[in-house]
Each structure stands twice: as C-alpha cells, then as structure tokens.
Amino acid sequence: MEKHITLPLTPELAKTLKAGDTVYLTGTIYTSRDAGHKRMCEALARGEELPFDPENTTIYYVGPTPAKPGQVIGSAGPTTSGRMDAYAPTMLSVGARGMIGKGARLPEVVEAMKKYSGVYFGAIGGAGALLAKCIKSCELIAYEDLGAEALRKLYVEEMPVFVIIDCEGNDLYKMGRAEYLADKK
Amino acid sequence: MREISVHKITEVIERMCIEANTQLPGDVKCAIETCRACEDGSIAKGVLDKIIENYNIAGQENVPICQDTGMACVFLEIGQDVHFIDGNLADAVDEGVRRGYTNGYLRKSVVADPIRRGNTGDNTPAMLYTEIVPGDQVKITVGPKGFGSENMSQLRMFKPSAGLQGIKDFILEVVEAAGPNPCPPIVVGVGVGGTFDKAALLAKKAIMRPLDQRNPDPFYADLEAEMLEKVNALGIGPQGFGGKTTAIALNIETMATHIAGMPCAVNINCHVTRHKTEVL
C-alpha cells in the first residue's frame, strides 16, 4: 500500500505500517552511521543524554557528500544498515523508533523492533541524488569532527521509502523474493 | 622516449574523479535500461525507474550519483617509452584524487589506519595499480569503488578438483550471501587463476571492463552468459525486493595459475558501477 505519513513515529503510527508498504515520509529525522552510533551508545552507557531527544525519532543511516554552494545537502542515499545492528537495540530501547537504511538486519534487531514497536524502512541504495531532493533543511547538531558521519537534523518532505521490516517482524526481503520465485514456477 | 609531466596526470585524475562520480557510463545505463524493459514486478519496476531518475538527475546537475563516492581505484597502463617528469608519479595521482574529491564536493571516505581509523580528510591515498606495457602512451582508468558492495566480496583458494562446478557454485554462494546489502542490481566481477592477490585484482579488473564487452575467449564468454542467467534466477531482484534483475552484468577475467591451485575472487559492485578510461 502507498502511505503518506507525518513524523514523529509514535507507537500507534508505527503499528499501522506493514512490510511492503511504500511510504512517503514528511517531518524531522536524524542522521547517524557507524561512528555516531558508537558515540551515542557510549554516552548512554555513561548515563549521559543524547544530543537529541530520541523519543519517537527516525534515524537515517547516511553519510552525505558535502553540499555544493546553493544546495541544502549533497547526495544522501542510505548506507548498509547491518553495521548499525550492534547499536540499534540500544537506540530502540531509549525510544528511537524508525530506522532508514538498506540491507539485512540481525534477528536481535528484529526482536528489539517487536518489543519497542520499531520500523525498518529501506530507501533506494545508490539513489543519493534523487533522495537529496526530498531534504529541505539540514542542521549539524553534534560530532562535527566525524565529517560525513556527524549527527545532522534533517527536515524531509515526501521522502520515498519502503517498509522492509515492520513491528511484527514481517520482512519484505523474504516476502518479495518468495513471491517472485513462486510466480515464476 | 616521450616525456609526460606528472602535473598532467594530476589534472586528468582530478577531472576523471569528478566525472566518474557524476556521470554514469553509457554501458551501465544501457544495461540498467535493458533490464528495466524486461522486469514485470511493480516494486522491481518502480525501483529501477527511481534508479534511472537518479542517474539522470546526477548527470544533469553534476552531483554525485551516490553519496559513497568510494575509494579511488586508479589503474595506469604505462608505455615503456614514457618518461614522467616534474615529480613523483604516485604523489601526482594522490594530488589528483585530493583535488577531485575536494573541488568536486565528493565524500571523503578514507581512514588512514584500518584499525585505529581516522579520516584522511581528502580521500587519499588512491588504490593505485601500475602496469608497464609496450608503446609511449598512458592509459588511465579511474573507478571509484563504494564499500556497501566491496564488503560483500569474497575470495577462495579452490583445489583444482573443484573444477568448473566449484567456481559456478561459489559465484552463486557469494551473490546469495550478499543478498540486498550491495544495492542490487549488481555487477559481478569474477577473477580466476593467478595467485591469491592476482585473483582479487582480476576480479577488480572485471568490474572495470565495459559491461557490453564479453570475454574474448568464447568459453568464458559463454560462462559469463550462463552465470548471469543463474544469478538472476536467484530472484533477489532490485534492492532485494524480489524480481528478475539481481545483476545487470557478470564479467570474468582469468590468467594462468599453479598446478596445485585454482584461486577465485568475486568482487561485487552496485548498480552505480563507475569506470572511466582515457588515453594520454
């Protein structure tokens, strides 16, 4: 199904999204990848606060190219989510609910998603120029020394994503492939 | 003896890094568009349409096709009658990468140390390969390589008894294990033979070869076609959402090897397969 939703991603909203849905996201999201997640989880372990309030947020796994003069942001497609698997259950446990990336997730991430009503969205990998068009503002909020990996707050409009794994654990990667192979027989 | 200033090398590498990252080559576009025409699934078709829209935007606006503008793989085939002047060749290549990635607003994705990390800030060093060939020309190939796909690549040292079937099974095993991670549809580069290191280099060279050029040996050209079909029968599909198009091309490069071995490397590349070649 095609759905147009406005963030933040509350548990109620998360539960309406099903694996295989095409979703257009509008609202505020935060960017982070390997190094940013490592720092955030280390901060949480020390009992410190995160650079943003994680409640009902959606985190985009992206390291954009530098903006050219006149651009809000450079090309900004998703990176491989599996590298954030070590940190995702911790982030979900403090209230972060949506994740945008690409590629497979570990069973422990899916279990945490079921527990905390998390949703894993896929953006089209390698479509960085196209996805950048949906990003209307970009503000660096922490870890500036990490360059492309710094934490950024983005405002997106009608950002096209797919629900890959929903909060019941249904997985588009498994469903889509099984459906194709069944049709071919 | 033909003299070439290394400043010329810097200038050409700078321009090639920018062009390679913003303009998808015609052979890759053609392969993607051919696959789009054959897809039937609505999600698969939709994904391929977005991929085409993306490289068109990048080309028109001169922005990177993908935010992972990669490590700069640079291949130099240097005629033995060339004499480089005005400086050190490797430094000149790195300077070209530094300027290209800085002036072209490309992402700096290189860390100075594999374990201790630390971004070098300018995407250097280049992954530089030089080869001495006859003549007085220099053939330069620049192929920015993203790591979503690089991370899904594998190498195995087979016993010769594994034979052709062993290689076929391995290619499918690597693509299956990669699944949705390397941003399918992918390009599969296979290197067979040589030593441990040469097999990996052959696989890298395979993804630098234009996708519409088959291996000149009919045995391997047939194997490329057969394995592309088998990879696509896996059903992984565009972005892993299921469909006909798991790979848009499969290139195989081979060379002699030892009586005791059969090394095989499979280098995976994404649909943003960037390769650009120029001759000086």
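So you know, we letter chains A, B, ... as the sequences are listed, proteins then strands, and number each from 1.
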Parallel, tilted or perpendicular: which describes the rings of Y24(A) and H4(A), with under 30° parallel and over 60° perpendicular? parallel

Check each atom of N56(B) against the heavy atoms of chain A and say whether the ones under 4.5 Å are side chain, backbone, both or neither. neither

Is it the side chain or the backbone of I65(B) that comes within 4.5 Å of chain A heavy atoms, both, or neither? both

Verify the distance criterion only: is there a donor paired with an acceptor across the side chains of K3(A) and T22(A) at less than 3.5 Å? no

Backbone N or O of A19(A) within a donor-acceptor pair of the D166(A) side chain at under 3.5 Å? yes

Quick one: what part of S75(A) sits under 4.5 Å from any heavy atom of chain B, side chain, backbone, both or neither? both

When the 4.5 angstrom heavy-atom criterion is applied to I164(A) and chain B, the contacting part is side chain

Heavy-atom donor-acceptor pair, N251(B) side chain to G189(B) backbone, under 3.5 Å: no

With chain B as the partner, which of G125(A), G176(A), G82(A), A148(A) has the greatest number of non-hydrogen pairs under 4.5 Å? G125(A)

State whether the side chain of N56(A) and the backbone N or O of P8(A) hold a donor-acceptor pair below 3.5 Å, judged by distance alone. no

Below 4.5 Å from any heavy atom of chain A, which atoms of A44(B) appear? Answer side chain, backbone, both or neither. neither

By a 4.5 Å heavy-atom criterion (distance strictly below it), what part of A76(A) contacts chain B: side chain, backbone, both, or neither? backbone

Strictly distance-based, threshold 3.5 Å: is any side-chain N or O of T22(B) a donor or acceptor partner for the main-chain N or O of G59(B)? no

Side chain of D171(A), backbone of Y173(A): donor and acceptor closer than 3.5 Å? yes

Can you tell me which portion of L181(A) sits under 4.5 Å from chain B's heavy atoms? Options are side chain, backbone, both or neither. side chain

Would you check if the distance from the ring center of H271(B) to the ring center of Y55(B) is below 6.0 Å? no

Given that the side chain runs from C-beta out, which part of K244(B) has a heavy atom under 4.5 Å from chain A: side chain, backbone, both or neither? both

Can you say whether A123(A) sits under 4.5 Å from chain B via the side chain, the backbone, both, or neither, judging by heavy atoms? backbone

Output the option from G126(A), P160(A), G103(A), G128(A) having the highest count of non-hydrogen pairs under 4.5 Å with chain B. G126(A)

Of the listed residues (K133(A), M175(A), R83(A)), which shares the most heavy-atom pairs with chain B below a 4.5 Å separation? K133(A)

Max heavy-atom pair count under 4.5 Å with chain A, selected residue of G243(B), G41(B), A233(B): G243(B)

For chain A, which candidate among G242(B), G148(B), C66(B), P64(B) shows the most heavy-atom pairs at distances under 4.5 Å? P64(B)

Where does V272(B) contact chain A at under 4.5 Å (heavy atoms): side chain, backbone, both or neither? side chain

Under 4.5 Å heavy-atom distance to chain B, tell me which part of Q71(A) shows up: side chain, backbone, both or neither. side chain

Relative to chain A, which segment of I236(B) carries a heavy atom at a distance below 4.5 Å: side chain, backbone, both, or neither? both

Is there a donor in the side chain of T245(B) and an acceptor in the side chain of E39(B), or the other way round, less than 3.5 Å apart? yes

Judged by atom type as modelled, is there a donor-acceptor pair below 3.5 Å linking the side chain of K68(A) to the main-chain atoms of P66(A)? no

